[in-house]
Amino acid sequence: MESSVVYIAGGIIVTLQYTLISVALGFILGALLALSKISHIKILNVIASTYISIFRGTPLLIQLSLIYFAIPTLTGYQMSVFVAGIIALSLNSAAYVSEIIRAGIGSIDRGQFEAAKALGVPYTSMMKDIILPQAFKNILPALVNEAVNLLKESAIISVIGGADLMRRAQTVAAEQYSYFGPLLIASAFYYILVVLFSYFAKILEKRLHAHD
């Protein structure tokens, strides 16, 4: 039993790698999508809206399967399980993060936009130095929720063979002919990770508001 717990626990690092990398990439792409969607450039608006609609409107499992199974069939290039997982999770997360960021930008007083324009502040500088920092404080809880969701959704990587918590629990279950114990252990580890994510997010939120 002890060796099974240790083996399943080894998937924590893999799960965190998928989660943290995908959260970072999803945030960057999500920010670009959000800025594109509020842009006055029609083509950027259309591209962002279409992307968000597709990735929010289709199951993550299908997106992952297309990336790992279908694209290699079309291109002849077989990507690794890790790369396919990161791409799928990042692209999916970006669609949700973009709407969070867009809502955060929309929550900022329009007077600040007008004041920046009146002072001749370039659009890029205005967004980077004035608007986005304030929006980030407002949307931090929502971003944390998305990160937590991504952490839990990363279990889907087990479908294509990623050696995360879920996959290791399934391996142990198959060897022991018992699913309850291994899956309960994996669930406990996921719960601990979620609690830790939420705890550190609260600390970050307090520090950000302490600097106001």
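What you are looking at is a predicted structure, and each value in this text was computed from that prediction instead of being measured. Along the sequence shown, residues carry numbers from 1.
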Note to self: Please tell me whether I47 and I54 are part of a single hydrophobic cluster in this structure, the criterion being side-chain heavy atoms less than 4.5 Å apart.
What the structure shows: no

Margin query: Run the side chain to side chain contact (heavy atoms under 4.5 Å, CB included) test on N92 and L64 for me, step by step, so that the C-alpha distance in whole Å, both residues' side-chain angles and the decisive distance to 0.1 Å come before the verdict.
Written below: CA-CA 9 Å; N92 182 271; L64 177 63; over 6 Å; no

Checklist line | Distance in Å, L20 CG paired with L150 CG, rounded so as to fall on 0.5 Å steps | finding: 9.5 Å

Notebook entry, point to check: At their closest point, which heavy atom of L25 faces which heavy atom of S90, and how far apart are they?
Noted result: CB-OG, 3.5 Å

Item checked: Over all atoms of both residues, closest heavy-atom pair of A84 and I160 -> CB-CD1, 4.4 Å

Notebook entry, point to check: How far apart are the closest heavy atoms of I38 and R102, and which atoms are they?
Noted result: CG2-CG, 3.7 Å

Note to self: Once side chain to side chain donor-acceptor pair (under 3.5 Å) is applied, do any residues pair with Q112, and if so which ones, sequence neighbours excluded?
What the structure shows: Q134

Notebook entry, point to check: Under 3.5 Å, side chain of S93 to main-chain N/O of L89, donor-acceptor pair present?
Noted result: no

Check: Taking C-beta and beyond as the side chain, do K37 and S98 meet within less than 4.5 Å on heavy atoms?
Finding: no

Note to self: Could you check whether any side-chain heavy atom of I130 comes within less than 4.5 Å of a side-chain heavy atom of I108, counting everything from C-beta outward?
What the structure shows: no

Next item on the list: Spell out, as yes or no, whether a donor-acceptor pair under 3.5 Å connects the side chain of Q63 to the backbone of F55.
Entry: yes

Checklist line | Interatomic distance, I131 atom CD1 to S125 atom OG [nearest 0.5 angstrom] | finding: 12.0 Å

Notebook entry, point to check: Between S198 (side chain) and V194 (backbone), is there a donor-acceptor pair under 3.5 Å?
Noted result: yes

Checklist line | Sequence neighbours excluded, every pair satisfying ring pair (Phe, Tyr, Trp, His ring centres under 6.0 Å) that has a member inside residues 62-103 | finding: Y18-F82

Checklist line | For S178, side chain to side chain donor-acceptor pair (under 3.5 Å) partners two or more places apart | finding: none

Next item on the list: Would you confirm whether T19, through its side chain, and L16, through its main-chain N or O, come within 3.5 Å as a donor-acceptor pair?
Entry: no

Next item on the list: Taking the side chain as every heavy atom from C-beta outward, state whether Y191 and V195 have any atom pair closer than 4.5 Å.
Entry: yes

Checklist line | Cluster link I71 to L91, ILVMFWY, side chain under 4.5 Å | finding: yes

Check: Is any side-chain heavy atom of F200 closer than 4.5 Å to a side-chain heavy atom of V144?
Finding: no

Item checked: L204 reachable from V97 in the ILVMFWY side-chain graph, under 4.5 Å edges -> yes

Next item on the list: Give the intermediate values and the outcome of side chain to side chain contact (heavy atoms under 4.5 Å, CB included) for residues S158 and D164.
Entry: CA-CA 7 Å; S158 63; D164 65 336; 3.8 Å; yes

Checklist line | Apart from I62 itself, residues in the same hydrophobic cluster as defined by side-chain heavy atoms under 4.5 Å | finding: L66

Margin query: Hydrophobic clusters here meaning ILVMFWY residues chained together by side-chain heavy-atom distances under 4.5 Å, can you tell me if I139 and I52 are in one?
Written below: no

Next item on the list: Carefully, step by step, assess I100 and E146 under the rule side chain to side chain contact (heavy atoms under 4.5 Å, CB included).
Entry: CA-CA 9 Å; I100 294 173; E146 172 57 25; 4.2 Å; yes

Notebook entry, point to check: Do side-chain atoms of Y190 reach the backbone of L151 as a donor and acceptor pair under 3.5 angstrom?
Noted result: no

Notebook entry, point to check: According to a 4.5 Å side-chain heavy-atom criterion applied to Ile, Leu, Val, Met, Phe, Trp and Tyr, with indirect links allowed, do V148 and L140 form part of one hydrophobic cluster?
Noted result: yes

Checklist line | Closest non-hydrogen atom pair between L60 and A88, with its separation | finding: CD1-O, 3.9 Å

Item checked: Approximate separation, where rounding is to 0.5 Å, of I157 CD1 and L165 CG -> 12.5 Å

Note to self: Distance check, rounded to the nearest 0.5 Å: M79 atom CE versus I67 atom CD1?
What the structure shows: 7.0 Å

Checklist line | Side-chain cluster (under 4.5 Å, hydrophobic types only) that F180 belongs to, other residues | finding: L184

Next item on the list: Report the residues that fulfil salt bridge (Lys or Arg N to Asp or Glu O under 4.0 Å) with R167, sequence neighbours left out, ordered by chain and then residue number.
Entry: none

Notebook entry, point to check: Could you state the interatomic distance from CG (L183) to CD1 (I8), rounded to the nearest 0.5 Å?
Noted result: 8.0 Å

Note to self: Working to the nearest 0.5 angstrom, can you tell me the gap between L33 CG and N45 CG?
What the structure shows: 11.0 Å

